Chemist: 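To start, I am sharing the structure in question, which I have written as structure tokens.
So that the names make sense, note that chain A is the first sequence line, chain B the second, and so on, each numbered from 1. All values reported here derive from a predicted model rather than from experimental measurement.
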4 protein chains.
Amino acid sequence: MSTTQEQAPGGLADQDHSGAHGYATDKEAYLKRLRRIEGQVRGIARMVEEDKYCIDILTQVAAINKALHAVSLGLVKDHMSHCVVGAAREADATGNPELVQAKVQEATDAIGRLLR
Amino acid sequence: MSTTQEQAPGGLADQDHSGAHGYATDKEAYLKRLRRIEGQVRGIARMVEEDKYCIDILTQVAAINKALHAVSLGLVKDHMSHCVVGAAREADATGNPELVQAKVQEATDAIGRLLR
Amino acid sequence: MSTTQEQAPGGLADQDHSGAHGYATDKEAYLKRLRRIEGQVRGIARMVEEDKYCIDILTQVAAINKALHAVSLGLVKDHMSHCVVGAAREADATGNPELVQAKVQEATDAIGRLLR
Amino acid sequence: MSTTQEQAPGGLADQDHSGAHGYATDKEAYLKRLRRIEGQVRGIARMVEEDKYCIDILTQVAAINKALHAVSLGLVKDHMSHCVVGAAREADATGNPELVQAKVQEATDAIGRLLR
């Protein structure tokens with residue numbers, strides 16, 4: 001278990017990648033990261049079983065929080081560069097600006113849930 | 001001082017509003033909200049001066065956190081619906097996709113600072 | 001996977017429970033909760049594999065954040081009611097106030113890592 | 001406005017300071033810090049008035065979040081080293097353990113509100 005902060009997976013994925021969510025091009029990076037977080041959660045369960053010191057467990061929980069934040073940020077970024085930008089194009093092509101508004105609102109709500 | 005959660009100011013602002021930041025159309029709403037937060041901070045200083053109970057002060061700090069989150073969310077939303085969407089259009093018009101990437105990265109970094 | 005907020009495990013554990021960490025009396029509750037979080041993380045990996053919508057994945061990440069917060073809070077509470085209170089007694093018995101200071105500082109640092 | 005993280009005010013205050021809340025010995029440090037946060041909030045209002053770039057405003061909001069976290073942490077620490085520890089002593093003297101439980105629960109609830 002490491003506490004080092006990592007980069008969010010998935011830089012700005014291929015803009016032309018159509019018919020799939022933004023994170024699709026980085027799927028392996030996300031899966032690897034999630035398997036790692038799963039291992040960290042199991043590691044904390046082991047610490048509880050072995051009666052480790054509560055403060056050390058809290059430190060590991062903070063490390064998982066950070067790792068989850070990195071995953072969230074990657075997803076938010078992929079959403080913006082694919083779904084929001086894609087909706088902007090479709091809105092322009094179809095003359096339907098509500099499409100963008102809906103995607104932006106959805107992203108804002110999702111970010112709001114992360115901030116809480 | 002109230003602890004009720006509030007809506008983020010500035011619904012999706014006018015998409016045709018060019019030459020200004022997204023929040024410009026909601027300036028008054030943001031200023032009103034910020035003046036309120038300023039008053040809340042002053043209220044906490046007053047509680048400290050009057051030796052109020054620490055837990056009650058912490059409750060007020062949590063209320064300010066929430067109010068600041070609402071301001072942040074409003075700015076993030078305005079940024080997405082103006083700057084990101086605007087960059088998407090400019091990128092299409094000029095054939096320069098790096099423009100969008102830069103705006104999305106900037107927004108991601110800003111959201112990352114809020115999550116921390 | 002549910003997004004409902006749950007109570008932190010481990011109410012104030014037995015004050016007379018000596019020779020073990022505070023969470024020891026609630027070990028099973030913590031383990032159950034951690035296994036549940038582990039399952040939630042696996043559920044997110046499955047969503048990524050099945051190309052689920054990014055916003056829905058973000059909603060599940062927010063649910064894990066909440067579940068981890070509840071675990072953290074439980075540990076913080078147990079730490080206070082056992083380690084801090086225990087140190088206060090030992091400090092009084094031995095005339096060594098630094099003991100309490102060290103425990104309080106340790107708890108403060110741990111809470112600070114959670115806030116970030 | 002600076003974004004540098006600062007130490008929480010009020011190291012472990014005088015343990016013998018009775019009849020007042022923990023933060024009382026650090027009152028000036030808290031007030032100075034709160035006045036500074038108030039100035040930061042005013043600075044953000046000025047940025048909105050002057051149509052500054054939304055991302056730069058978000059950076060300043062993140063700086064205020066950090067400054068408020070430092071204040072919160074200081075209050076939590078003072079609460080633990082005074083109110084919780086004080087209750088532990090009173091509980092021992094009076095044979096009334098519920099006193100500690102109440103203080104610990106109150107602190108846990110306050111920390112929970114900060115985590116959200």
Side-chain angles (χ1 to χ4, degrees), chain A residues 3 20-24 26-49 51-59 61-69 71-72 74-80 82-83 103 106-107 109-116, chain C residues 3 20-24 26-49 51-59 61-69 71-72 74-80 82-83 103 106-107 109-116:
Chain A
T3 60
H21 304 307
Y23 64 80
D26 285 309
K27 226 162 144 169
E28 266 320 305
Y30 278 111
L31 290 175
K32 196 179 155 189
R33 182 174 292 265
L34 287 165
R35 275 192 294 268
R36 196 154 176 276
I37 293 173
E38 201 193 312
Q40 284 177 300
V41 176
R42 252 199 310 275
I44 290 183
R46 206 157 37 232
M47 289 176 87
V48 168
E49 264 168 11
D51 294 314
K52 296 289 188 223
Y53 187 42
C54 36
I55 295 291
D56 294 334
I57 302 178
L58 280 171
T59 301
V61 175
I64 298 185
N65 283 339
K66 259 191 189 174
L68 279 172
H69 277 174
V71 168
S72 314
L75 289 168
V76 165
K77 184 180 174 180
D78 290 344
H79 180 74
M80 282 193 285
H82 286 262
C83 308
K103 287 291 170 196
E106 212 179 36
D109 292 345
I111 295 165
R113 284 190 291 272
L114 295 175
L115 286 183
R116 237 173 286 141
Chain C
T3 59
H21 305 305
Y23 65 80
D26 285 310
K27 226 161 143 168
E28 267 319 306
Y30 278 111
L31 290 175
K32 196 178 154 190
R33 183 173 291 265
L34 287 165
R35 273 191 295 267
R36 194 153 177 278
I37 294 173
E38 201 192 313
Q40 285 178 299
V41 176
R42 251 198 312 274
I44 290 182
R46 206 159 34 234
M47 290 176 88
V48 168
E49 264 168 12
D51 294 314
K52 296 289 190 222
Y53 187 41
C54 35
I55 294 291
D56 294 333
I57 302 178
L58 280 170
T59 302
V61 174
I64 298 185
N65 283 340
K66 259 192 188 173
L68 278 173
H69 278 174
V71 168
S72 313
L75 289 168
V76 164
K77 184 180 174 180
D78 291 344
H79 180 72
M80 282 192 284
H82 287 262
C83 307
K103 287 290 171 198
E106 212 176 37
D109 291 345
I111 295 164
R113 282 189 291 272
L114 294 175
L115 285 182
R116 236 173 287 143

Chemist: Counting only heavy atoms closer than 4.5 Å, note whether A45(A) contacts chain C via side chain, backbone, both or neither.
Modeler: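 For A45(A), heavy atoms of backbone and side chain both lie under 4.5 Å from chain C.
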Chemist: May I ask you to name which of I55(A), L34(A), V61(A) has the most heavy-atom pairs under 4.5 Å with chain C?
Modeler: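 Maximum pair count with chain C is reached by I55(A).
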Chemist: With side chains defined as the heavy atoms from C-beta onward, is the minimum distance between S72(C) and L58(A) less than 4.5 Å?
Modeler: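 SC-SC contact between S72(C) and L58(A) confirmed.
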Chemist: I need the residue from L68(A), L115(A), I37(A) with the largest number of non-hydrogen atom pairs under 4.5 Å to chain C.
Modeler: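 Max contact count across the listed options: L68(A).
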Chemist: With a 4.5 Å limit on heavy-atom distance, are the side chains of L114(C) and H69(C) in contact?
Modeler: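 Answer no - side chains too far apart.
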Chemist: Assess the residue pair D56(A) and M47(A) against the criterion (side-chain contact (heavy atoms from CB on, under 4.5 Å)); give the C-alpha distance rounded to whole Å, side-chain angles, the decisive distance to 0.1 Å, and a yes or no.
Modeler: CA-CA 9 Å; D56(A) 294 334; M47(A) 289 176 87; 3.8 Å; yes
Chemist: Just by modelled atom types, is the E49(C) backbone N or O under 3.5 Å from a matching donor or acceptor in the Y30(A) side chain?
Modeler: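 Judged by distance alone, no pair lies under 3.5 Å.
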Chemist: Less than 4.5 Å to any heavy atom of chain A: does that hold for the side chain of K32(C), its backbone, both, or neither?
Modeler: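 Neither the backbone nor the side chain of K32(C) comes within 4.5 Å of chain A.
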